[in-house]
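Note that the coordinates shown come from a computational prediction; the quantities given were computed from them, not determined experimentally. By convention in this document, chain letters (A, B, ...) are assigned in the order of the sequence lines, proteins followed by strands, and residues within each chain are numbered from 1.
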Amino acid sequence: MAQYSDEVMDHFTNPRNVGEIEDADGVGEVGNPVCGDMMTFYVKVGEDERLEDVKFKTFGCGAAIAVSSMVSEMAKGKTVDEAMRISRDDVAKELGGLPKQKMHCSNLGADALHLAIEDYRSKKGN
Amino acid sequence: MREVYLDNYAATPLPPEVKEAMLPYLGDRYGNPSSLHSRGDSAREAVEEARDKVAALIGANAEEVIFTSNGTEANNLAVKGITAGSRRKGRHIVVSAVEHFSVLHAARSLEKQGYELTLVPVDEYGLIDLDELAAAIDEDTVLVSVMAANGEVGTIQPVKEAAGIAAGREVPFHTDAIAAAGTVPLDVGELGVSALSLSSDLIYGPQGVGALWLKRGLRVIPLLDGGVQEGGRRGGTENVAGIVGMGRAAELAAQNMAARSARLAELRDALIAGLPEKVAHLYLTGHPSQRLPWNASFAVEFIEGEGMLLFLDQRGVAVSSGSACTSRALKGSHVLTACGIPAERAQGSILFSFGLQNTMEDVDYVLEVFPPIVDRLRQMSPLYAKYLKERG
Ligand code: FES
């Protein structure tokens, strides 16, 4: 499929960090308003507020899967504050670009990650 | 790697006989059918011979066949041309909810110009509701258009009955027979239709040619104004080589229809029987028996079509999907929606469209490589995880 970069195809074919975290500290779920797909992110937060583990499940196109995989890799090992700053543009850039009509998929990954972190924060706050 | 091409609804390979018939017209037999010299004569004869063959495929008179540049143009000419031709009679059109975009969007464009449009609903198998069709026709109706068969889900429509209803009300009836032609017998007299569209590439002719049959006496306003080609109903120099190819393809289709259909149906049935044994939560879309012999379409639950398509491509298998993600407009298929298939399930739509080049080994190969792909995508799917949890 010529529409995707090698990087996207690599992450789609061998996605990193697929799965769920049973005792996750935060879970974030987003639906894709454009085409009705779905993404769930799980985070495990360790010492120094670092993301010890990040996992995801995605129902969506090849780009959506590649984006989830890339976001999980980028987030792992970062502090929650750093991870909150991962933007959709960063993700698209790391993936060597996304086709125009697939740019909306790149929003999903970062959004789901940020929701998972917010979930963690709100739980911690209580 | 093995290559298994199962996207014959998108494009078909050109049989050598068809290519051979075309080659002289791409070479030294150049000529414009409108010219008065001998080169013109020979080009014109070639076009007229092709017209005879295309007409024969649908039991029509050759003079009533207009060549177009593709099936989309044929459908546009039918919908827009016929309504424009009867503008003074009325401003209402009736089309089925599962028409191809070239009919549906042509109708929508008329709606924007002030026409009234009624969409006739279909049941879960994609069959039109004949009562609703009858109820939709009123004094103001100037055209009814119902496809002969739907290429996306394979359902063959009761065209004869539908045309009978329109005829009883004296309303012209057009049928888009693009997906049906070549594997479903079509006889315009027997069907009782007043216009019928064809596309060359779906009967194993070249791309870039189509045809519209129009019953004698039915007025049509051209889409393309120009010279008096095609009886003044379609201006523009003819695509001679393409038309010759379509003619040869129509001739072969007419000769071999029964054998071709039987062979394709065998492959289709093997896949339709074999896949559900290996993949759970897989649903056949379209009608179980009133079905095009080349169409095996499914909805695979919990996963999305593009992922399947990409992984299959990596294994050498070419297919298509009606999922929102695979459509450039990022909208789910209107056909699956009209059949009442929930959006989530429609996201897992996949179409295997068989062609003359396919074999039973191709089916076996798909049965081998496809189930693990579904598993792999389901392992990634939050919907599948949810389902497993709920099931306990
Ligand atoms: S998730 Fe639908 S296009 Fe990417």
Based on non-hydrogen pairs under 4.5 Å, which of B:Q314, B:R328, B:E344 is most in contact with chain A? B:Q314
Establish, from distance only, whether the side-chain atoms of B:E152 and B:S297 form a donor-acceptor pair under 3.5 Å. no
Polar contact flag, side-chain donor to acceptor under 3.5 angstrom, A:T79-A:E49: no
Is it the backbone or the side chain of B:Q379 that comes under 4.5 Å from a heavy atom of chain A, or both, or neither? backbone
Note: vs chain B, highest number of non-hydrogen pairs under 4.5 angstrom among A:T40, A:N32, A:I65, A:D37 is A:D37
Heavy atoms only, distances under 4.5 angstrom: which of A:E29, A:Q101, A:K57, A:M38 has the most pairs with chain B? Name it, please. A:K57
Is chain B contacted by the side chain of A:A63, its backbone, both, or neither, given a heavy-atom distance below 4.5 Å? backbone
Salt bridge or not between B:K389 and A:E20? Use side-chain N to carboxylate O under 4.0 Å. yes
So what's closer than 4.5 Å to chain B heavy atoms on A:T13: side chain, backbone, both or neither? both
Please look at B:F302 and chain A and tell me whether the side chain, the backbone, both or neither of the residue comes under 4.5 angstrom of a heavy atom of that chain. backbone
Regarding B:N8 and B:Q357, is there a side-chain donor-to-acceptor distance under 3.5 Å anywhere? yes
Which atoms of A:P99 are under 4.5 Å from chain B, going by heavy atoms: the side chain, the backbone, both sets, or neither? neither
Can the ring centroids of B:Y387 and B:H281 be said to lie less than 6.0 angstrom from one another? yes
Strictly below 4.0 Å, N to O, side chains only: are A:D23 and A:K44 in salt-bridge contact? yes
Between A:D81 and A:R121, does any side-chain N to carboxylate O distance fall below 4.0 Å? yes
Proximal component of A:V34, with respect to chain B [non-hydrogen, under 4.5 Å]: both
